[in-house]
A.B. asks: 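Starting off with a structure, shown below.
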Amino acid sequence: GAGVSQSPRYKVAKRGQDVALRCDPISGHVSLFWYQQALGQGPEFLTYFQNEAQLDKSGLPSDRFFAERPEGSVSTLKIQRTQQEDSAVYLCASSLSQGAGQPQHFGDGTRLSIL
Amino acid sequence: RKEVEQDPGPFNVPEGATVAFNCTYSNSASQSFFWYRQDCRKEPKLLMSVYSSGNEDGRFTAQLNRASQYISLLIRDSKLSDSATYLCVVTPHNTDKLIFGTGTRLQVFP
């Protein structure tokens with residue numbers, strides 16, 4: 001279908017490696033969000049883009065986390081020098097336009113395991 | 001203290017039962033409220049928005065009490081397919097990001 005697509009679905013990396021997670025939002029969706037979901041917890045906000053502008057990165061846990069959306073469509077979340085506590089499901093969501101009432105559509109997520 | 005608090009459950013109920021979930025939020029300036037549903041190892045999906053006047057969608061009724069900073073979800077005539085985790089979600093003032101509760105797990109048994 002034409003939903004939010006994330007890749008890879010699963011990623012296993014050794015501690016200290018860098019990883020890159022990709023998100024393809026629904027075509028035409030202006031807003032894009034990244035969330036982190038640890039086991040047994042609700043998703044936690046990481047960062048938000050409106051088109052190519054990163055408007056809020058207050059949820060990024062450390063400077064090892066970096067996100068970009070250079071052309072206002074596909075986004076990449078990069079984690080440098082991964083740690084075991086980075087193991088989680090990383091969810092991407094998009095919404096058609098700006099506004100708190102806009103529904104956010106989530107992708108299946110990338111399940112990241114750091115050994 | 002977490003911004004959005006929910007009883008994690010699990011709630012184990014028989015088919016046909018009525019079950020209610022509650023949630024409290026700490027930021028009085030919060031502007032939008034939702035219930036999301038998440039199946040095991042799947043992505044969250046919007047179940048319904050929540051309004052002060054209360055709203056109903058089939059067997060589901062949601063209610064918001066701004067004075068008490070309290071949100072509820074009522075499920076009538078539970079089905080086996082209702083088994084999932086129900087996430088209480090709030091949008092703070094002047095932002096579009098979602099703040100999720102831990103989720104309440106519901107298991108409906110035959």
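A, B, ... follow the sequence lines: proteins, then strands. Residue 1 opens every chain.
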A.B. asks: With only heavy atoms counted, which part of B:R105 is less than 4.5 Å from chain A, the side chain, the backbone, both or neither?
C.D. replies: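 Looking at B:R105, nothing touches chain A.
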
A.B. asks: Less than 4.0 angstrom from a charged side-chain N to a carboxylate O is my criterion; do B:R41 and B:D39 meet it?
C.D. replies: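 The answer is no: the pair does not qualify as a salt bridge.
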
A.B. asks: Ring-plane angle category for A:F45 and A:F33, please: parallel below 30°, perpendicular beyond 60°, tilted otherwise.
C.D. replies: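 Perpendicular.
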
A.B. asks: By a 4.5 Å heavy-atom criterion (distance strictly below it), what part of A:D108 contacts chain B: side chain, backbone, both, or neither?
C.D. replies: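 For A:D108, the contact with chain B is made by backbone and side chain together.
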
A.B. asks: Does any N or O in the side chain of B:T102 come within less than 3.5 Å of the main-chain N or O of A:G42, such that one atom is a donor and the other an acceptor?
C.D. replies: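 Here the side-chain-to-backbone pair does not exist.
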
A.B. asks: Check each atom of B:F33 against the heavy atoms of chain A and say whether the ones under 4.5 Å are side chain, backbone, both or neither.
C.D. replies: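 Interface part for B:F33: neither.
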
A.B. asks: Report the relative orientation of the aromatic rings in B:F11 and B:F21; use parallel for angles under 30°, tilted for 30 to 60°, perpendicular for over 60°.
C.D. replies: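 It falls in the perpendicular class, over 60°.
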
A.B. asks: Name the region of B:Q38, side chain, backbone, both or neither, that has any atom closer than 4.5 Å to a heavy atom of chain A.
C.D. replies: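 For B:Q38, the contact with chain A is made by the side chain alone.
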
A.B. asks: Tell me, for B:K45 versus chain A, whether the close heavy atoms (under 4.5 Å) come from the side chain, the backbone, both or neither.
C.D. replies: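 Contact with chain A involves no heavy atom of B:K45 at all.
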
A.B. asks: Can you get from B:L98 to B:V4 by hopping between Ile, Leu, Val, Met, Phe, Trp and Tyr side chains that sit under 4.5 Å apart?
C.D. replies: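 No, separate clusters.
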
A.B. asks: Relative to chain B, which segment of A:Q50 carries a heavy atom at a distance below 4.5 Å: side chain, backbone, both, or neither?
C.D. replies: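 No part of A:Q50 comes within 4.5 Å of chain B.
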
A.B. asks: Using a cut-off of under 4.5 Å on heavy-atom pairs, state which of B:Q6, B:K97, B:K2 scores highest against chain A.
C.D. replies: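 Heavy-atom pairs under 4.5 Å are most numerous for B:K97.
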
A.B. asks: Are any of the side-chain nitrogens in A:D86 or A:R64 under 4.0 Å away from the carboxylate oxygens of its partner?
C.D. replies: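 Answer for the salt bridge query: yes.
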
